[in-house]
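Below is one structure, written out as structure tokens, with a few remarks after it.
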Amino acid sequence: MATPTAAAAAASAAMKQAGSSGRFGKLWSKGHETLNKRRIIAIKNKPTKRSIAAKNQRLGDASGKTNNNRLKKDTSSGPTAYLQGLVTSDLCSVPNSPRPCIEGGDEDYVCSDVLRSTCFLDHRGRVLTDALLWKRQSDNDDEFDYYIDVPESTSDELMHHLKAHKLRRSAVDIREVKEASSHVIYGTRYTGPTPDHPLMEMMTAVDPRHPSLGLRIISFDKQSGDCSPASRSEIFSSILSDSPFPNMPGSYEFLRRLLGIAEGDEVKGKTALETNQEWLNAVSFSKGCYLGQELTARSHFTGAIRKRIIPLFLIDRTTEISWHWKKSENDTFESGESSNFSSFSCIPRLSAPEAGALMALFMGHGITPEGEVDTKVKLEAVQKRRTELDAFTKLSERISNEAIPGSRIFDIETGKTLGEIISAPMPGTTVALAQMRLENILPHTNWSNTNKIRVQSGSDVILDNLRYLPYIPLWWPTDLDAKTGKETIS
């Protein structure tokens, strides 16, 4: 058996190989992180008198004893049946593979049945929380145990929700797993075996929402109380110490903003389709009934989605706009698409690395003249770069501190509400997630690259004289109908 170090080295080499660009687009830079603001809730099979008798029956058969009173396997009240009526995904089928971003490459990529994305809805059909659902064989070989990896901000409400819908006949045990942690590795689509460690057991799978989010891992103490959360984080980092995946705390929150993916409180109270969950493999439209299904199904089959969560840059109006938005608007105008708004090709489609590069551009990270350049010219370029960086730093601090969730975006010229910020930018950046009316991100209607906006909380104007630049993540469908807000089915 390979030592933990040897196994980690082999896994690291395989992960590096799996990080190459494919049909899901270029991946984020390599790194890893322990997600301390997530909780693990276990839904385990709880043996009943009937299931115990059934297991004893099978053991008796295996030992050669005869028993004429055979009992059927009873899984109708176990964890799978219990969760199937509460989640938007279908636990009885293999998850779909993520949507390809480009043609070719990675043709053999398939989504693992070990991990799936899902949502929990209330009785009105509104989202309580999103979650990642891990699946593992139960000690009772007829059933599975499930581990819900959920944002900390909605974990208490989810726990109350789960217990409220546990019936007396439900053969499940619900508890928060204190001896477990959630981790992520960026820049790889590795799907091989999990490295072993004497103190920790781990489960791994590529993020089912999209591979650009990286490899997800949950770790458990092999014996209860062996490790603290800090110890599990240190052990996980030590496993990757000789790998090209350094510890990068805080990267996950920045990465999911660049990718336009909302979580936890950010999706709470909205419909599953307004938060783009159907494009993140979290909603099944073919499974049976579940709590909140009516609104979700009606919106999908007969309704129109007027608002969606979208990433956007908030920049000062004096900042030069990248060619991505100028080209998209000009191409739309020349092609005449602005007259029928049949697609969103007028907005640039960006991967996370591309959006990150634009963020650096807006920060004033230009190139200092090199070679035989007049010293005065070089000094002027350096001074200009410093001035731009200082101005951006001050602006980003104001935006990240003041553009809080719930703040509304207003058009200065018309006074019209354009959308609402649901996730403030990370410190030092200006990439926010906002729930926007789709009509407000179409050029030549309510959006242009010379727009003027203010961000307002209640009656107080907190940020003024800004510009917003929306973009489409690569995992969105390319054939989106702007009239219905849904993917066009050919």
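Each residue takes its place number in the sequence, starting with 1.
Ring pair His32/Phe245: centre-to-centre distance not below 6.0 Å.
With rounding to the nearest 0.5 Å, the separation of CG in Leu132 from CD1 in Ile218 is 9.5 Å. Rounding to the nearest 0.5 Å gives a distance of 8.0 Å between CG of Leu314 and CG of Leu463. Considering OH of Tyr186 and CG of Asp207, their distance stands at 11.0 Å, rounded to 0.5 Å.
Salt-bridge formation is detected for the pair Arg38/Asp149: a Lys NZ or Arg NE/NH1/NH2 atom is positioned less than 4.0 Å from an Asp or Glu carboxylate oxygen. The pair Lys44-Asp173 fails the salt-bridge criterion, with no side-chain N (NZ, NE, NH1 or NH2) lying under 4.0 Å from an Asp/Glu carboxylate O. A salt bridge is defined here as a Lys NZ or Arg NE, NH1 or NH2 lying under 4.0 Å from an Asp or Glu carboxylate O, and Glu439 with Lys483 fails to meet this definition. A salt bridge links Arg39 to Glu152: one of the charged nitrogens lies within less than 4.0 Å of a carboxylate oxygen. The pair Glu179-Arg175 meets the salt-bridge criterion, with a side-chain N (NZ, NE, NH1 or NH2) lying under 4.0 Å from an Asp/Glu carboxylate O. A salt bridge between Glu266 and Lys268 is absent, with no side-chain N of the basic residue lying under 4.0 Å from a carboxylate O of the acidic one. Taking a cutoff of 4.0 Å between a charged side-chain nitrogen and a carboxylate oxygen, Arg256 and Glu263 qualify as a salt bridge. Between Lys452 and Asp411 there is no salt bridge, since none of the side-chain N atoms of the basic residue sits less than 4.0 Å from a carboxylate O of the acidic one.
Enclosure of atom CZ in Arg454 by more than 12 non-hydrogen atoms of other residues, nucleotides or ligands within 6.0 angstrom is indicated. Within 6.0 Å of CD in Glu294 there are 12 or fewer heavy atoms belonging to other residues, nucleotides or ligands.
Side-chain atoms of Ser170 never come within 3.5 Å of backbone atoms of Val172 as a donor-acceptor pair (strictly under, hydrogens ignored). The backbone N or O of Asn281 sits less than 3.5 Å from a side-chain atom of Ser117, completing a donor-acceptor pair.
With a 6.0 Å cutoff to the six-membered ring centre and a 45° limit on the axis angle, Arg116 does not count as a cation-pi contact of Tyr146.
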For this session: Start with the C-alpha gap between Asn276 and Arg308, add the side-chain angles, then the distance that decides, and say whether side chain to side chain donor-acceptor pair (under 3.5 Å) holds.
Result: CA-CA 7 Å; Asn276 310 318; Arg308 283 194 181 270; 3.0 Å; yes
